[in-house]
Amino acid sequence: MIKKKSYWILMLTAICILAVTGCKKEGKTADFHIYYTDSEGVSLVEKGIKPEGKTQKEQIDEILDKIQKNTDDIDYRSPFVKEVKVKEWSVKDGKLIVDFNRNYQKLSATEEILLRAAVVQSVGQISGVDAVLFMIDGESLQDMNGQVVGYMQPSDFVKNTGVSLHSYQKETFLLYYGNKQGDRLVKEKVSIRYNSSISKEKVLVEQLIKGPSSDNETAVIPAETKVLSVSVKDHICYVNLDKGFLDTTNVMNPELPVYAIVNTIIEGSSIGGVQILIDGKTNVNYMGKISLEKPLSRNLNIVEGE
């Protein structure tokens, strides 16, 4: 497994900064945008193209080929630096796996996050590519804590025009954890400092997995749970978790892990429902009692004091 220095910070930031002001749009008929770095290498810029390829394979080959090369315009620089190359790629069931050479390990923190954001956003426009996984010489990319980064989607990289690469903000959220007995949910106000380019919904799910800071509450989501992706569409938040979420060893009430996520995300937001997926699948009946096939609404009946 491959570990990257300061990668934990990078996963929290998950940045795609689009320098739209001052970035030239190439024609109104562009079908795709390839994401390059600007001349200073601190943000992303988009360059419209009309792909020559017609099939999915041809389009993936074309975009990965173009993004690895510098253009004639200094304002559009390839994010592939320090001789980083794509060794091979494969796609199955909508999941694109891209394998890089070991020069990927030479990238600085800024170079790495920009390359990752550029690739995911560029190939994520191709029909049938729902998620992207990075491999380094055949091994899954990990963060500094040994956690596999997992599948990424363009929605993981929030587009904030003109925002600094390391711009952080602090906000107070209302999170739902378990009570000491583990049979009901309780509310806890939590102040979280996070990068302004990562979606709040993803920040909240990761915070729930981390668990409460107070001894009066308990974590209801297994610590080994990995967040594969979080996205929002038409006021529905889609939370894609790995099978670690299904570890029910310490779960007394099956409603708690599910509605800790649902209630926390919906609280004080415009989100109308939350769809929980396991490895991208919705045909899951959690503990044989809660169907995850459809988006769920907030449930305050299991909250202490409600």
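All values below were derived from every heavy atom in this structure, side-chain atoms included, with hydrogens, water molecules and symmetry-related copies excluded.
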Closer than 3.5 angstrom, by distance alone: can the side chain of [X] be matched with the main-chain N or O of [Y] as a donor-acceptor pair?
X	Y	answer
Asp99	Gly138	yes
Thr248	Val251	no
Asn263	Asn299	yes
Asp38	Asp75	no
Thr264	Ala260	yes
Lys82	Lys106	yes

Are [Y] and [X] connected into the same hydrophobic cluster when the rule is that any two of I, L, V, M, F, W, Y join if their side-chain heavy atoms are below 4.5 Å apart?
X	Y	answer
Tyr238	Val120	no
Tyr286	Leu228	no
Leu185	Met252	no
Leu277	Ile290	no

Is the shortest side-chain heavy-atom distance between [X] and [Y] below 4.5 Å?
X	Y	value
Val274	Ile236	no
Tyr104	Leu115	yes
Phe134	Met152	yes
Tyr177	Leu256	no
Glu201	Val232	yes
Val129	Ile60	yes
Leu44	Thr37	yes
Ile261	Phe245	yes

What are the two closest non-hydrogen atoms of [X] and [Y], and how far apart are they?
X	Y	answer
Asn103	Glu83	ND2-O, 2.9 Å
Asn253	Pro257	O-CD, 3.4 Å
Leu107	Val84	CD2-CG2, 3.8 Å
Gln56	Ser127	NE2-O, 3.1 Å
Glu304	Val186	OE1-CG1, 3.4 Å
Ala219	Pro212	N-CD, 3.6 Å

* Apply side-chain contact (heavy atoms from CB on, under 4.5 Å) to Glu171 and Ser191, showing your working. => CA-CA 6 Å; Glu171 193 169 345; Ser191 183; over 6 Å; no
What's the separation between atom [atom1] in [X] and atom [atom2] in [Y], rounded to the nearest 0.5 Å?
X	Y	atom1	atom2	result
Gln121	Ile67	CD	CD1	10.0 Å
His33	Ser122	NE2	OG	10.5 Å
Asp279	Leu246	CG	CG	8.0 Å
Ile126	Thr55	CD1	OG1	9.5 Å
Lys210	Leu175	NZ	CG	10.5 Å
Lys54	Glu52	NZ	CD	9.0 Å

Crowded around [X] [atom1]? As in, over 12 foreign heavy atoms under 6.0 Å?
X	atom1	answer
Gln181	CD	yes
Asp65	CG	yes
Asn101	CG	yes
Lys95	NZ	yes
Lys57	NZ	no

* Asn285 and Ser291: CA distance, side-chain angles, deciding distance, side-chain hydrogen bond (donor to acceptor under 3.5 Å, both in side chains) verdict -> CA-CA 4 Å; Asn285 197 20; Ser291 173; 5.1 Å; no
If the threshold is 4.0 Å, N to carboxylate O, is there a salt bridge linking [X] and [Y]?
X	Y	result
Lys289	Glu255	no
Arg102	Glu139	yes
Lys87	Asp137	yes
Arg116	Glu112	yes

Distance only, no hydrogens: is a donor on one side chain within 3.5 Å (strictly under) of an acceptor on the other, for [X] and [Y]?
X	Y	value
Glu267	Tyr176	yes
Thr71	Asp73	no
Thr282	Glu293	no
Asn70	Ser78	no

* ILVMFWY cluster membership beyond Leu133 - transitive side-chain contacts under 4.5 angstrom -> Ile97, Met135, Tyr151
* Checking side-chain contact (heavy atoms from CB on, under 4.5 Å) for the pair Leu64/Trp89: CA distance, chi angles, key distance, verdict? -> CA-CA 10 Å; Leu64 288 179; Trp89 63 267; 3.7 Å; yes
* Candidates Val239, Leu296, Ile271 - the one meeting side chain to side chain contact (heavy atoms under 4.5 Å, CB included) with Val262 -> Leu296
* Verdict with reasoning, Phe80 to Lys85, per side-chain contact (heavy atoms from CB on, under 4.5 Å) -> CA-CA 7 Å; Phe80 283 73; Lys85 300 290 183 184; 5.7 Å; no
* Going through the distances and angles, do Ile192 and Lys170 end up as a side-chain contact (heavy atoms from CB on, under 4.5 Å)? -> CA-CA 6 Å; Ile192 305 174; Lys170 193 172 185 179; over 6 Å; no
